[in-house]
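Whatever order the structure lists them in is the order used to number ligands and atoms, beginning at 1.
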Amino acid sequence: MSVVIDENAGFCFGVVKAIAAAEEQLGLSRSLYCLGDIVHNNEEVRRLSNLGLVVIDHQQMEALPGATVLIRAHGEPPSTYAAAQRLGVKLIDATCPIVLALQKKIREGYEAMRSVDGQVVIFGKKGHAEVIGLNGQTHNSAIIVSTPDDIASIDFRRPIRLYSQTTQSKEEYNRLIDNIRNAVANEGTSDFVAYNTICSRVSNRATQLESFARSVDRLVFVSGANSSNGHYLYEYCLKVQPQTRMIASPEALDFEWLKGVHRIGITGATSTPRWLMEEIRQSIISVCEN
Ligand code: SF4
């Protein structure tokens, strides 16, 4: 029996950068607040909480004037920066550079659309922190499309600029672009531009995952239940390797399902720490090899 960890699995550089910023600050003061979970992985959140990182929401920040608060890789809307300034909160801004560039692009698109009565459309998960930050660039006026039905909110006679949350599925985004293209061809504007704003770390990951998933007999996909990237990649793995299961921690391992298997693979989302996959590997070896 062999148990292998996907060499391409682990945190993306945006998350690595945010965690490094948190660890550096905690090394200096042991007092740091973070707006929301630094990463959608409870195990890693617990590890950092043991080092002193305290997760807060926007309301709690109001009661912490003068505190030091980390902005995670997902980014924040302009209103958060304004609130921090008003409260004298020191921000450590660990927004991923790719998300920052997308925020800027949307801001510019919003300005351009304002002058021609156009619309900014964002393909993303409603209520997701990154989407809230992106929508904030348009004074919360963007149309958020999460499901195919949501395109009914778009006025196809008016100009449209379309962007995607960085961690969305490329296939679904392409389908959405086709649907909007068909709708504008039938009833409206010739001024429709769709930008490719899915993070290459996410879109390339799917192809890398495919060959890894095919190379094993059972695939353990490690991800927090609240990671949208995790759900997308898990569904992707299931299509090429039906013997795939998603778990969040070693306690959820089903050893009966793994016993007697020739080659077991372990992989995860861009928010899954490598140390957790290593722990899971050790658990499988210690139980299944005896
Ligand atoms: S998935 Fe891409 S955009 Fe999102 S935090 Fe990671 S590197 Fe940045």
Side-chain angles (χ1 to χ4, degrees), residues 6-24 34-45 48 53 55 70-77 80 91-109 122-137 142 144 146 162-173 194-210 212 221-237 246 267-277:
D6 178 0
E7 60 174 21
N8 294 307
F11 289 146
C12 62
F13 81 89
V15 170
V16 168
K17 191 172 152 282
I19 290 173
E23 285 176 333
E24 190 186 335
C34 182
L35 273 171
D37 286 344
I38 191 165
V39 58
H40 287 151
N41 188 283
N42 291 341
E43 307 299 311
E44 182 66 2
V45 168
L48 288 163
L53 186 67
V55 177
L70 182 96
I71 293 182
R72 58 191 170 166
H74 293 319
E76 284 288 324
T80 301
L91 288 178
I92 296 178
D93 192 349
T95 306
C96 172
I98 294 174
V99 175
L100 265 187
L102 176 55
Q103 288 184 346
K104 180 167 176 277
K105 204 175 224 178
I106 291 181
R107 223 161 35 237
E108 289 166 357
I122 298 170
F123 174 51
K125 203 170 155 195
K126 284 176 190 155
H128 187 284
E130 183 188 322
V131 174
I132 292 171
L134 299 178
N135 195 14
Q137 312 305 316
I144 312 296
S146 301
L162 175 68
Y163 309 83
S164 172
Q165 179 185 347
T166 56
T167 49
Q168 287 294 94
S169 145
K170 202 172 174 179
E171 297 75 41
E172 283 177 31
Y173 190 44
Y195 296 92
N196 176 14
T197 58
I198 295 178
C199 173
S200 61
R201 172 67 209 240
V202 175
S203 44
N204 295 341
R205 190 75 191 97
T207 326
Q208 290 164 346
L209 259 181
E210 184 169 339
F212 183 72
F221 191 93
V222 188
S223 172
N226 49 354
S227 162
S228 42
N229 167 255
H231 282 284
Y232 162 57
L233 292 177
Y234 167 65
E235 294 295 333
Y236 191 88
C237 286
M246 183 155 89
T267 191
T270 53
S271 52
T272 305
R274 247 197 122 75
W275 63 260
L276 182 59
M277 288 184 273

Rounded distance (nearest 0.5 Å) linking atom OG1 of Thr272 with atom CZ of Phe11:
7.5 Å

If we ignore hydrogens and angles and just use 3.5 Å, is the side chain of Asp93 paired with the main-chain N or O of Thr95 as donor and acceptor?
yes

Donor-acceptor check, side chain of Thr197 to backbone of Ser164, threshold 3.5 angstrom: yes or no?
yes

His231 and His40 aromatic centres sub-6.0 Å:
no

Close-contact set for ligand 1 against [X] heavy atoms, below 4.0 Å:
{"X": "Ile98", "value": "3 (S)"}
{"X": "Cys12", "value": "1 (S), 5 (S), 6 (Fe), 7 (S)"}
{"X": "Phe13", "value": "7 (S)"}
{"X": "Thr166", "value": "3 (S), 4 (Fe)"}

Got a sec: is Cys96 within less than 2.8 Å of atom 8 (Fe) of ligand 1 via an N/O/S atom?
yes

Check this for me: does any side-chain nitrogen of one of Arg274 and Asp6 sit under 4.0 Å from a carboxylate oxygen of the other?
no

For atom 2 (Fe) of ligand 1, closest protein heavy-atom neighbour
Cys199 SG, 2.3 Å

